Amino acid sequence: MSEKVNEQVLDTPLTRLAGVKHPVVQTGMGWVAGPKLVTAVANAGGLGILASATMTLDQLADAIHEVKDRTGAPFGVNLRADATDAGDRIDLLIKEGVKVASFALAPKQELIGRLKDAGVVVIPSVGARRHAEKVAGWGADAVLVQGGEGGGHTGAVATTLLLPQVVDAVDIPVIAAGGFFDGRGLAAALAYGAAGVAMGTRFLLTSDSSVPDAVKRVYLKTGETVVTRHVDGMPHRVLRSELVDTLERSGRLGGLVRAVRNGARFKRLSGMSWRAMIADGKAMKHGKDLSWSQVLMAANTPMLLKAAMVDGRPDLGVMASGQVVGLIDDLPSCAELIGAIVERAADAIAAQQSLLIR
């Protein structure tokens, strides 16, 4: 890594807002973004985000303590705004002095206010310009915008079209996600007016990721993704696999039976009561305008992801993935990855400046 990277050549509104060295964010991937990965990203100068949706409140507290024990660098926690215990989780973040709260869904205005009053940086994720405008109007400090190339739940608009729309629409820092994996992408995002980039699949495929090696090999070998509604009823970009093909062919009744069974398994794993799960389902139904059958199908997601990401059984689970998976062929450490990204971005920016006629 060159000396100029160590001196932080890329100073952006994101680095100043979050107090990090480099404008690179690791997204809060369920079952993947745990203390080990988040710590590695934080120590490398990026913004690591803990994924809390697959954790109980007590597990989240333990994870936060573990990260704080391993690093003094800023980090964040991703929250479900529609969770029944969202208030308790926000109280925990405030108590523990977590720097950033990110949200997969737009949080209510009062939640944003509570966090901001406590000095927590609020960064919701959005997939449309109007959603960015809404959360900006509610006081969000920054917004993460993901284009259709991204993994997991995703939209249909490409990052290169969505990003400039959002940058032009809001006056807060914009973080670009969906299709990023190297320094050229970071330089391009900065040229569009973004304050940094966020990556999921690229960080999943690092030596610091806790995902089993056998599953990482599947990612590196497969390289093909598909957007399906048969995981949880919403557009979900995952690796193509025999299981996904089977889900695509399965009938509606079979999918609902599987969803109820997986919902019961997640209930046992999380310790949630049926009452709490039903309340979460009602909140999800209202927040995303889903039918009850879609809400039931959403119960598939945590267990299908856990089968691959934790249990190491890609044959029994689904593997969320961005389209960039087809361009990745190595497993660097987070320090090596972030260093290379920032150095190449700086070189690309310098090269473009040489084109100017003075």
Side-chain angles (χ1 to χ4, degrees), residues 14 17-18 25-33 38 47-57 60 63-64 74-94 96 98-147 150-155 162 166 169-170 172-178 194-200 232 234 236 279-280 283-290 298 301-302 320:
L14 171 61
L17 178 67
V25 179
Q26 161 255 305
T27 59
M29 300 165 281
W31 303 117
V32 176
V38 170
L47 178 60
I49 305 290
L50 275 171
S52 77
T54 51
M55 300 178 185
T56 65
L57 184 61
L60 175 58
I64 290 173
F75 66 96
V77 173
N78 183 259
L79 301 166
R80 263 188 57 195
D82 59 352
T84 52
D85 63 349
D88 294 334
R89 292 172 185 255
I90 286 173
D91 289 340
L92 175 63
L93 266 61
I94 294 172
E96 296 296 337
V98 173
K99 181 66 176 181
V100 173
S102 70
F103 291 87
L105 294 173
K108 294 181 180 179
Q109 188 170 8
E110 54 265 33
L111 293 184
I112 295 177
R114 281 178 57 192
L115 287 162
K116 286 173 63 69
D117 288 345
V120 181
V121 175
V122 181
I123 307 179
S125 297
V126 301
R129 180 180 62 186
R130 66 182 185 278
H131 297 152
E133 292 171 335
K134 179 172 68 174
V135 296
W138 286 353
D141 295 292
V143 64
L144 188 155
V145 54
Q146 177 176 308
H153 293 125
T154 194
L162 184 59
V166 175
V170 300
I172 57 176
V174 176
I175 303 164
V197 297
M199 304 182 300
D232 59 9
M234 295 171 282
H236 202 124
D280 271 358
M284 183 185 299
K285 182 177 186 296
H286 174 72
K288 298 179 181 177
D289 193 26
L290 304 178
T301 307

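Just so it is clear, the structure is predicted and the values come from calculations on it, not from any experiment.
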Engineer: Measuring from Leu60:CG to Thr54:OG1, what's the distance to the nearest 0.5 Å?
Structural biologist: 10.0 Å
Engineer: Among residues at least two apart in sequence or on other chains, which ones pass ring-ring contact (aromatic ring centres under 6.0 Å, His included) with His236?
Structural biologist: His153
Engineer: Could you tell me which residues satisfy side chain to side chain contact (heavy atoms under 4.5 Å, CB included) with Ala33, sequence neighbours excluded, listed by chain and number?
Structural biologist: Gln26, Ala51
Engineer: For a 4.5 angstrom cut-off between non-hydrogen side-chain atoms, does Val25 reach Leu14?
Structural biologist: yes
Engineer: Could you tell me if the side chain of Ile94 sits less than 4.5 Å from the side chain of Ile90, heavy atoms only?
Structural biologist: yes
Engineer: How close do Thr27 and Ala198 get, heavy atom to heavy atom, and via which atoms?
Structural biologist: CG2-CB, 3.8 Å
Engineer: For residues 99-128, tabulate all N or O donor-acceptor pairs below 3.5 Å that involve a side-chain atom, not counting sequence neighbours.
Structural biologist:
unit_1	atom_1	unit_2	atom_2	d
Ser102	OG	Asn78	ND2	2.9
Arg114	NH2	Asp91	OD1	2.3
Lys116	NZ	Gly139	O	3.2
Lys116	NZ	Asp141	OD1	2.8
Ser125	OG	Phe103	O	3.4

Engineer: Keeping to residues at least two apart or across chains, list the salt bridge (charged side-chain N to carboxylate O under 4.0 Å, His left out) pairs with something in residues 125-140.
Structural biologist: none
Engineer: For a 4.5 angstrom cut-off between non-hydrogen side-chain atoms, does Leu50 reach Val98?
Structural biologist: no
Engineer: Do you know the tightest heavy-atom contact between Leu17 and Pro173?
Structural biologist: CD2-CG, 4.5 Å
Engineer: Closest heavy-atom contact between Thr154 and Gly147?
Structural biologist: OG1-O, 3.2 Å
Engineer: Check salt bridge (charged side-chain N to carboxylate O under 4.0 Å, His left out) between Arg89 and all other residues, then give those that pass, not counting sequence neighbours.
Structural biologist: Asp85
Engineer: Tell me every residue that passes side chain to side chain donor-acceptor pair (under 3.5 Å) with Glu96, counting only those two or more places apart in sequence or in another chain.
Structural biologist: His65, Lys68
